[in-house]
Trainee: 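Starting off with a structure, shown below.
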Amino acid sequence: MSEASAADTPPHRYTAAVANEIEARWQRRWADEGTFRAPNPTGPLADPGHPRAGAPQMYVLDMFPYPSGAGLHVGHPLGYIGTDVYARYQRMAGHNVLHAMGYDAFGLPAEQYAIQTGTHPRATTEANIARYAAQLRRLGLAHDDRRTVRTMDPAYYRWTQWIFLQVFGSWYDPQARRARPIADLVAEFAAGTRPTPDGRPWAELPEVDRRRLVDDHRLAYVSEAPVNWCPGLGTVLANEEVTADGRSERGNFPVYPRKLRQWMMRITAYADRLVEDLALLEWPEAITAMQRHWIGRSTGAHVDFATDAGPVRVFTTRPDTLFGATYLVLAPEHPLVDALTADAWPAGVPAVWTDGHATPAGAVSAYRAFAAAKSEVERQADAKEKTGVFTGGYAVNPANGARIPVFIADYVLAGYGTGAIMAVPAQDARDWEFAQAYALPIVRTVAPPEGFDGEAFTGEGPAVNSSDERTGLRLDGLGVAQAKAAAVAWLEETGHGVGAVSYRLRDWLFSRQRYWGEPFPIVYDETGLPVALPESMLPVVLPEVEDFAPRTFAADDAASSPETPLSRAGEWTEVELDLGEGPRRYRRETNVMPQWAGSCWYEMRYLDPTNDTAFVDPQAERYWMGGAHPGVDLYVGGAEHAVLHLLYARFWHKVLFDLGHVSHPEPFRRLVNQGMIQGPAYTDGRGQYVEAARVVERGGAFYLGDEEVRREFGKIGKSLKNVITPDDFCTEYGADTFRVYEMSMGPLDASRPWETRAIVGSYRFLQRAWRAVVDEESGALRVTDAPADEKLRRLLHRTVDGVRADYAALRFNTAVAKLIELTNGLTQLAATPREVAEPLALMLAPLAPHVAEELWHRLGHADSLAYAPFPTADPALLVDDAVTYPVQVNGKVRGRVEVPADAAEEVVRAAALAAVADQLAGAAPRKVIVVPGRMVSIVR
RNA sequence: GCCCCUGUAGACCAACCGGCAGAGUCGGUGGACUCAAAAUCCAUACAGUGUGGGUUCGAAUCCCACCGGGGGCACCA
């Protein structure tokens, strides 16, 4: 802007400078007056004199951010602004609205950033949080400032640790279908009402055995199991943190399957409830589908195959195909592999089965090494080509007594089902491929339809080759479903197996070999078994260490082993504590919790953030999360958390519900995923991304200097070099313009490209609204107390009616359109009637709160409009006196008639027939359809 | 490979239970203001709804097939 042009601008126009002044002033006032503090029913956050004390409550929540080093870009605030508009609207509409913001401060991203910059993660995280907070404040978000939380603060993670102790201190009772305190389990063992696994009386078990037995039942437990080891990050990862192509979601490093001793959470115990309770939720179909699929419940049977090494139990969804099981396959890591491996190859073994090894032991150990060295990426890339090796051992098919070979192969996963399968090549494509490669027999047990020329047949058909008089299993002729039922019944009668359910979901790997996370409230005594610290010792504060970086390795160093940073803090690790048996030496757990821990319950801490005797006061919990519609009333966040945060948080909430700490089994009743804003990104001739900020448009093409570059739209971020920050737009246009623009681009849940130049439309709109109230030359009010004319008044009431409905339904884009329409109806007037100006300011407030407050103030109101009643429409002004009906003849509009709005159907019909009489040429129409208020359709 | 979502003016989007394809924004064009320009204001044109079928008096909307775009899962027995 040149000096000359600045001089030309009317002095009281709504410019960016004016907007910025207004915005800073109102933000200060809101903060000073605590405008957006929502009262609790009791406790330190109660306020009986508050305008919404005792009003119906509403809980609006955003997925809180990780404060990354890059700050907010224009995509982040979309959801935050959306919830803010909704919350401000509901507050004006009479609700006591809780809306707060916190920070997910622990975890990999913050720590990786800290390592890159060589600073302590606390320092970088705090700096990042300060930057985020400033950016958010500038957007004018109406958060209750008293309720902010940071997961890295000891006052917060004390309760994360406390919840961990609740999980550790409980077990899942499958009969009761809920978690119960571990003391109940001990009591049952002690009373003999629950037998110990080996039948010895509880009283006779040595103390260590008792503890092991109890520990095996806990919802948080230590186990040695196959996990995802990521050398590049130096830590293990949960399944949910590994992408479909077998790399770490953070950092994109390869992940290796590795058997390690780790903390797990028994989320699988809740698998059925996590599926069933999705029915209680108003969530996008896509998210519930993803959760259902991730849990992956499948029904079938466990079948035991006798071997020299004892029975091998397999899981199958097709017990009806038992007769077609011509070999068994075990995962290379299966515990029975060593026992099954023969001393020597049986006579006449095909060469492909041995892979050229002289002994089965040699072949097995070579294959195991081969499989273990493969990353997930490689394993999946090799999926087409089946590999495996014969163990030299055999099993007996219980259906017909056939002696079948036992293989190991990496197409069988150790972590799913029992880690062993019965291979039925005729009915399973994977088994077919393997059978082809290893020359194994194929027996059809489901008859494919006439003319079927495929390989494995997985469809419906009658069972064949599936009866044996000796064993009594007769399935021939049965359809798949009947045959399954008959096979399961036979398995259970004969003791060869049992109907079973398996889940894709696996227990949640809960420990990380990192520094920046919650320490476990766990120590180990001389037995090496975990001991929970008492509540009185919480929080276990994360110690300061010289070197907070985890030991990382070459990303492809599959043989490396994790090393926790806390294990280097010797003084902290080795402690003397009195846990009731006098002072003794203990060793602390040196893993930390995964970053999801803190976000599993933050929605409850907002309810009662200052409580230091409970994670949340039960009354506050019941007030905000209970009632006729329990749970968070609106939760907005990205779809990328579909199976991470949202699954973990539901699990923790259910445990807390079972133990009586919360009043309802689900935390987030209504979920909306905000869309992703995609930014323009540019590639040069080599296909490399170039700094988007330096690209200019000339004549419809894009240039970096003199070189033409190609534009595409993609996820905003460092990798595409296209970060656009909200700050620039706040400076150039004002936060209100930015808010209106983001909301007007489309529905909240739709992704859309960011188009910088289009923002001026929102800017002009606010200028027109401003100009309708304030004279640009003098700054005086342009408002008259004279009444609005009939047409304008009707427009106003239609707008009020529509905007209310749009806000309530999160249709902010159409609310903006209606407000623009109303504003455009004012631009030609010499003065704006107050009866329109005031509701306009109020209706504008959720979207553009600063300018709305300023207009409201200038219209003579001393108080903030945050609690002013939202305008209501007069129903009488919503219906027009007359209605124009289009008249269709054979589907084409041939005429129009205007009739009174309350005209009877016969009147409309007669008028319509008269209007198109020439079309009908005197003939009686075959059919006349009158759609009241809409149209008339005539069939000739 | 399997599952889900989605295709409307040049772009972003409206169109509620099937009822006149257009609320709004950008951009285009013309005009006002200006010495000129920017900014601002005013006025305009532009699609028959991805394609092909079907149901219906009537389809952007419902059904089927195909094509394009996006997302999820992917050796889960």
Side-chain angles (χ1 to χ4, degrees), chain A residues 1-2 4-6 8-10 13 15 244-246 284-287 289-290 292-294 296 298 300 314-318 321 329 379-380 382-384 386 409-413 415-424 427-431 433-434 502-506 639-640 642-643 676 678 700 740-741 744-747 749-762 764-765 767-768 771 776 802 805 809 811 813-821 824 827-828 884-893 896 925-929 931-940:
Chain A
M1 207 182 275
S2 72
S5 67
D8 289 350
T9 305
R13 174 167 287 180
T15 59
D245 54 346
E285 182 57 37
I287 303 295
M290 279 163 67
R292 216 171 266 120
H293 183 247
W294 191 263
S298 49
V314 305
F315 174 74
T316 179
T317 56
R318 295 296 301 275
T321 63
V329 186
R379 200 181 63 78
Q380 287 176 18
D382 296 346
K384 285 274 164 280
K386 296 282 176 291
D410 68 353
Y411 85 91
V412 172
L413 308 175
Y416 182 75
T418 60
I421 62 155
M422 62 178 216
V424 186
Q427 271 82 230
D428 183 285
R430 298 152 299 182
D431 296 342
E433 286 171 19
F434 191 83
S502 188
Y503 302 91
R504 210 182 84 96
L505 179 71
R506 290 182 233 171
E640 66 272 21
V643 292
M676 190 173 69
Q678 295 171 317
V740 169
Y741 177 60
S744 67
M745 289 160 79
D749 57 358
S751 294
R752 75 283 316 250
W754 178 266
E755 198 183 358
T756 295
R757 62 184 178 182
I759 196 170
V760 300
S762 302
R764 290 177 190 151
F765 159 50
Q767 281 185 341
R768 287 197 299 277
R771 196 181 297 127
E776 289 191 335
R811 292 189 301 250
N813 52 330
T814 53
V816 172
K818 290 180 175 80
L819 290 170
I820 290 174
E821 207 182 347
N824 290 351
T827 53
Q828 302 300 313
T884 302
Y885 281 81
V887 183
Q888 282 185 2
V889 179
N890 286 354
K892 292 209 158 52
V893 179
R896 282 166 211 285
R926 290 223 323 259
K927 201 171 180 184
V928 178
I929 298 150
V931 186
R934 288 287 189 180
M935 71 174 325
V936 181
S937 184
I938 296 168
V939 188
R940 192 149 55 107

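Throughout, a chain's letter reflects where its sequence line sits, starting with A, and its residues are numbered from 1.
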Trainee: What interatomic distance, in whole Å, is found between C1' of C42(B) and the corresponding atom of G10(B)?
Mentor: 23 Å
Trainee: Base, sugar-phosphate or nothing for Arg771(A)? Non-hydrogen atoms, less than 4.0 Å.
Mentor: sugar-phosphate
Trainee: In whole Å, what separates the C1' atom of U55(B) from that of G18(B)?
Mentor: 11 Å
Trainee: Using atom P of each nucleotide, how far apart are U61(B) and G70(B) to the nearest Å?
Mentor: 23 Å
Trainee: Just checking Ile820(A): base, sugar-phosphate only, or nothing, at a heavy-atom cut-off of under 4.0 Å?
Mentor: sugar-phosphate
Trainee: Does Met935(A) reach a base, just sugar-phosphate, or nothing at all? Heavy atoms under 4.0 Å.
Mentor: base
Trainee: Could you check whether Gln678(A) gets within reach of a base, just the sugar-phosphate, or nothing at all, counting any heavy atom under 4.0 Å?
Mentor: nothing
Trainee: OP1, OP2 of A23(B) versus side-chain N and O of Lys818(A): anything below 4.0 Å?
Mentor: no
Trainee: Counting side-chain heavy atoms from C-beta on, which of A77(B), G27(B), C41(B) comes nearest to Val760(A)?
Mentor: G27(B)
Trainee: Could you tell me whether Arg926(A) contacts a base, only the sugar-phosphate backbone, or nothing, with contacts defined as non-hydrogen atoms closer than 4.0 Å?
Mentor: nothing
Trainee: May I ask you to test the Tyr416(A)-Tyr503(A) pair for a side-chain heavy-atom distance under 4.5 Å?
Mentor: no
Trainee: Looking across every strand, which nucleic acid part, if any, lies under 4.0 Å from Ser751(A) by heavy atom: base, sugar-phosphate, or nothing?
Mentor: sugar-phosphate
Trainee: On the six-membered ring of Phe434(A), is Lys386(A) placed so that its NZ or CZ lies under 6.0 angstrom from the centre and within 45° of the ring axis?
Mentor: no
Trainee: Could you check whether Thr316(A) gets within reach of a base, just the sugar-phosphate, or nothing at all, counting any heavy atom under 4.0 Å?
Mentor: sugar-phosphate
Trainee: Contact class for Asp431(A) (heavy atom, under 4.0 Å): base, sugar-phosphate, or nothing?
Mentor: nothing
Trainee: Keeping the roles fixed (side chain from Asn813(A), backbone from Met745(A)), state whether a donor-acceptor pair exists under 3.5 Å.
Mentor: no
Trainee: Please state the C1' separation for the pair G53(B) and C13(B) - nearest whole angstrom.
Mentor: 29 Å
Trainee: Base, sugar-phosphate, or nothing: which does Gln888(A) touch, judged by heavy atoms less than 4.0 Å apart?
Mentor: base
Trainee: Taking the minimum atom-to-atom distance to the side chain of Lys386(A), which one of C57(B), A77(B), C75(B) wins?
Mentor: C75(B)
Trainee: Does some side-chain heavy atom of Asn824(A) sit less than 4.5 Å from a side-chain heavy atom of Phe765(A)?
Mentor: no
Trainee: For C66(B) and U56(B), measure between their P atoms and round to the nearest Å.
Mentor: 24 Å
Trainee: Can you identify which nucleotide, out of A74(B), G19(B), A77(B), has its nearest atom closest to the Leu413(A) side chain?
Mentor: A77(B)
Trainee: Quick check: Trp754(A) with Tyr741(A) (ring centres under 6.0 Å apart)?
Mentor: yes
Trainee: Pro753(A) side chain: which of U25(B), C12(B), C73(B) is closest?
Mentor: C12(B)
Trainee: Touch check for Ser762(A), heavy atoms < 4.0 angstrom, all strands: base, sugar-phosphate only, or nothing?
Mentor: nothing
Trainee: Heavy atoms only, 4.0 Å cut-off, all strands: where does Arg752(A) land among base, sugar-phosphate and nothing?
Mentor: sugar-phosphate
Trainee: Do you know which two heavy atoms are closest between Arg504(A) and His293(A), and how far apart they sit?
Mentor: NE-O, 3.4 Å
Trainee: What contact category does Pro284(A) fall into here, base, sugar-phosphate, or nothing, at under 4.0 angstrom with non-hydrogen atoms?
Mentor: nothing
Trainee: Describe the nucleic acid contact of Glu433(A) in one word from base, sugar-phosphate, nothing, applying a heavy-atom distance below 4.0 Å.
Mentor: nothing
Trainee: Please measure how far the C1' atom in G50(B) lies from the corresponding atom in A9(B), and state the result in whole Å.
Mentor: 15 Å
Trainee: OP1 or OP2 of A77(B) less than 4.0 angstrom from a side-chain nitrogen or oxygen of Ser298(A), does that happen here?
Mentor: yes
Trainee: Go through C13(B), C26(B), A77(B) for me and flag the one nearest to the Arg764(A) side chain.
Mentor: C26(B)
Trainee: Which nucleotide sits closest to the side chain of Asn813(A): G19(B), A14(B), U25(B)?
Mentor: A14(B)
Trainee: Taking all non-hydrogen atoms of both residues, which atom of Val643(A) and which atom of Met290(A) are closest, and how far apart?
Mentor: CG1-O, 3.7 Å
